[in-house]
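Bear in mind the structure is a predicted one, so any value in this text is a computation, not a measurement. Starting from 1, each residue takes its place in the sequence as its number.
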Amino acid sequence: MCTVSFIASHNKQIITSNRDENTLRPKAFQPKKELINNCNVVYPKDPKAGGTWFAINEYNMAAVLLNGAFQKHIPEKSYSKSRGLILLEIITNPTPVFHFSLMSLETIEPFTLILFQYPLLLELRWYGKQKFKKQLDATQNYIWASSTLYSQEVIAKREKSFYDFIKTENNLDENSIVNFHSNNHNDNQNGIIINRENKMKTFSITQAIFEIEHTLLTHFDLFENSKETISITQNTSNFQLQ
């Protein structure tokens with residue numbers, strides 16, 4: 001939920017996310033398919049709150065969460081619901097963007113949500129008082145970082161590293177993208193993968209590959225050094241991002 005990239009390459013769209021967390025937080029359950037609101041959805045589950053930072057559904061749609069919106073905020077003592085549960089509520093709603101526009105979020109911590117269903121790529125942000133929506137070009141490449149963990153200077157440095165990788169990588173595919181997301185770039189504090197004195201670490205890397213008839217989700221648990229892959233077949237029913 002702390003570093004997310006979107007890459008369009010070789011007639012595929014690939015979304016990859018690093019989850020950076022406090023090492024005292026329990027690690028997530030391996031991804032599995034669940035039926036929520038009559039929608040099949042695949043996601044790794046956070047055992048603490050029951051939500052997630054990365055989910056795909058049977059309608060070839062993905063939702064990926066980052067903590068914070070545009071800049072670092074001062075957290076409240078408590079919130080009414082986990083942002084990971086908000087993600088699941090949105091991606092399993094038949095009209096996700098419209099549902100976001102109607103949701104009451106005043107007691108929810110600020111977040112950024114990346115939503116994708118070809119050809120639409122959207123940023124949805126909640127900043128504590130106001131909602132924001134931005135449509136992006138799904139033929140381009142993007143990287144995001146959590147505003148709660150990284151300064152604007154660090155975010156700009158990571159963006160440069162990402163676009164340098166895009167320019168120089170000869171075989172831009174899911175494997176090379178995972179390799180990029182697995183690299184600390186000689187900086188344990190602010191690299192793409194982090195280890196801040198064993199207090200804040202990258203727990204996992206999750207990736208979704210979107211093709212014509214199905215979506216493939218792969219979850220790399222960096223603590224257990226394990227890999228889980230689940231494919232979900234596309235449902236052609238009318239379930240539109242907006």
Side-chain angles (χ1 to χ4, degrees), residues 1-7 14-31 43-49 51-55 62-75 82-84 87 109-114 123 125 141-169 172 174-208 217-228:
M1 61 175 66
C2 298
T3 302
V4 178
S5 71
F6 176 92
I7 292 178
I14 302 170
I15 302 179
T16 311
S17 171
N18 285 23
R19 184 189 187 215
D20 303 335
E21 275 291 355
N22 189 306
T23 52
L24 295 177
R25 192 180 184 104
K27 73 182 190 69
F29 297 124
Q30 290 284 355
Y43 65 98
K45 180 179 287 188
D46 174 24
K48 184 175 180 179
T52 191
W53 66 98
F54 196 122
V64 187
L65 180 74
L66 294 107
N67 291 336
F70 296 104
Q71 60 187 31
K72 190 171 183 177
H73 60 276
I74 300 174
S82 161
R83 292 166 289 192
L87 181 155
E109 192 168 3
F111 63 84
T112 299
L113 192 64
I114 309 302
E123 286 180 359
R125 298 183 191 255
N141 305 310
Y142 303 91
I143 190 168
W144 299 265
S146 169
S147 62
T148 61
L149 277 183
Y150 304 100
S151 68
Q152 291 303 309
E153 180 182 0
V154 168
I155 289 173
K157 182 179 178 181
R158 290 162 128 250
E159 288 177 349
K160 182 180 184 305
S161 176
F162 173 72
Y163 290 114
D164 286 346
F165 159 71
I166 296 294
K167 291 177 183 177
T168 59
E169 177 57 47
L172 190 59
E174 53 269 30
N175 295 317
S176 63
I177 295 166
V178 167
N179 288 340
F180 173 81
H181 275 260
S182 304
N183 195 329
N184 70 2
H185 299 271
N186 299 314
D187 185 352
N188 282 333
Q189 296 293 312
N190 297 306
I192 304 300
I193 192 170
I194 66 168
N195 182 355
R196 297 179 178 177
E197 300 175 347
N198 288 320
K199 295 178 180 179
M200 178 73 66
K201 295 179 71 174
T202 304
F203 277 40
S204 60
I205 300 170
T206 309
Q207 183 179 78
L217 184 142
T218 301
H219 180 73
F220 302 87
D221 185 323
L222 301 183
F223 283 6
E224 301 292 338
N225 194 27
S226 63
K227 174 182 175 181
E228 181 80 15

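More than 12 heavy-atom neighbours from other residues, nucleotides or ligands sit within 6.0 angstrom of CG on Asn22.
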Q: Test Trp144 against Glu123 for side-chain contact (heavy atoms from CB on, under 4.5 Å), laying out the working first.
A: CA-CA 10 Å; Trp144 299 265; Glu123 286 180 359; 2.7 Å; yes
**Q.** Derivation and outcome, side-chain contact (heavy atoms from CB on, under 4.5 Å), residues Arg83 and Asn67
**A.** CA-CA 8 Å; Arg83 292 166 289 192; Asn67 291 336; 3.2 Å; yes
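Look at Asp46 and Arg25 and you find a salt bridge, because one of the NZ, NE, NH1 or NH2 atoms lies within 4.0 Å of a carboxylate O, short of that distance.
The two atoms that bring Ser5 and Ile177 nearest to each other are OG-CG2, 4.1 Å, heavy atoms only. Of all heavy-atom pairs between Pro44 and Thr52, the closest is O-OG1, 2.5 Å. Counting all heavy atoms, side chain and backbone alike, Tyr150 lies closest to Arg196 at CE2-NH2, 3.4 Å. Scanning all heavy atoms of the two residues, the minimum distance from Tyr43 to Lys45 falls at OH-CE, 3.2 Å. For the pair Gln189 and Ile194, the tightest heavy-atom approach, listed with the atom from each and the gap, is O-CG2, 3.6 Å. The minimum heavy-atom distance linking Ser17 with His181 is given by the pair N-CE1, 4.4 Å.
Counting only heavy atoms from C-beta outward, the side chains of Phe54 and Arg19 never approach each other to under 4.5 Å. A 4.5 Å side-chain heavy-atom check between Phe6 and Ile114 finds every atom pair outside the cut-off. Here the side chains of Asp20 and Ser146 are not in contact, with every heavy-atom distance at 4.5 Å or above. A 4.5 Å side-chain heavy-atom check between Asn195 and Asn184 finds every atom pair outside the cut-off. Annotation: side chain of Phe165 is not in contact with side chain of Asn141 (no heavy-atom distance under 4.5 Å). The shortest distance between side-chain heavy atoms of Cys2 and Asn18 does not fall below 4.5 Å. Between Ile7 and Phe162, the closest side-chain pair of non-hydrogen atoms falls below 4.5 Å. Between Ser204 and Trp53 the shortest side-chain heavy-atom distance falls below 4.5 Å.
Looking only at distances, a side-chain donor or acceptor of Gln207 sits under 3.5 Å from a matching main-chain atom of Glu174. Remark: side-chain polar atoms of Thr23 are paired, donor with acceptor, to backbone N or O of Asn198 under 3.5 angstrom.
Atoms NZ and CD, on Lys201 and Glu21 in that order, are 13.5 Å from each other to the nearest 0.5 Å. To the nearest 0.5 angstrom, Thr206 atom OG1 is 6.5 Å from Leu217 atom CG. Put simply, CZ on Phe180 and CG on Asn175 are 15.5 Å apart, with the number rounded to the nearest 0.5 Å. The structure places OG of Ser147 at 7.5 Å from CD of Gln152, a figure rounded to the nearest 0.5 Å.
When each of Thr3, Asp187, Asn190 is tested with Arg158 by the rule side-chain hydrogen bond (donor to acceptor under 3.5 Å, both in side chains), just one qualifies, namely Thr3.
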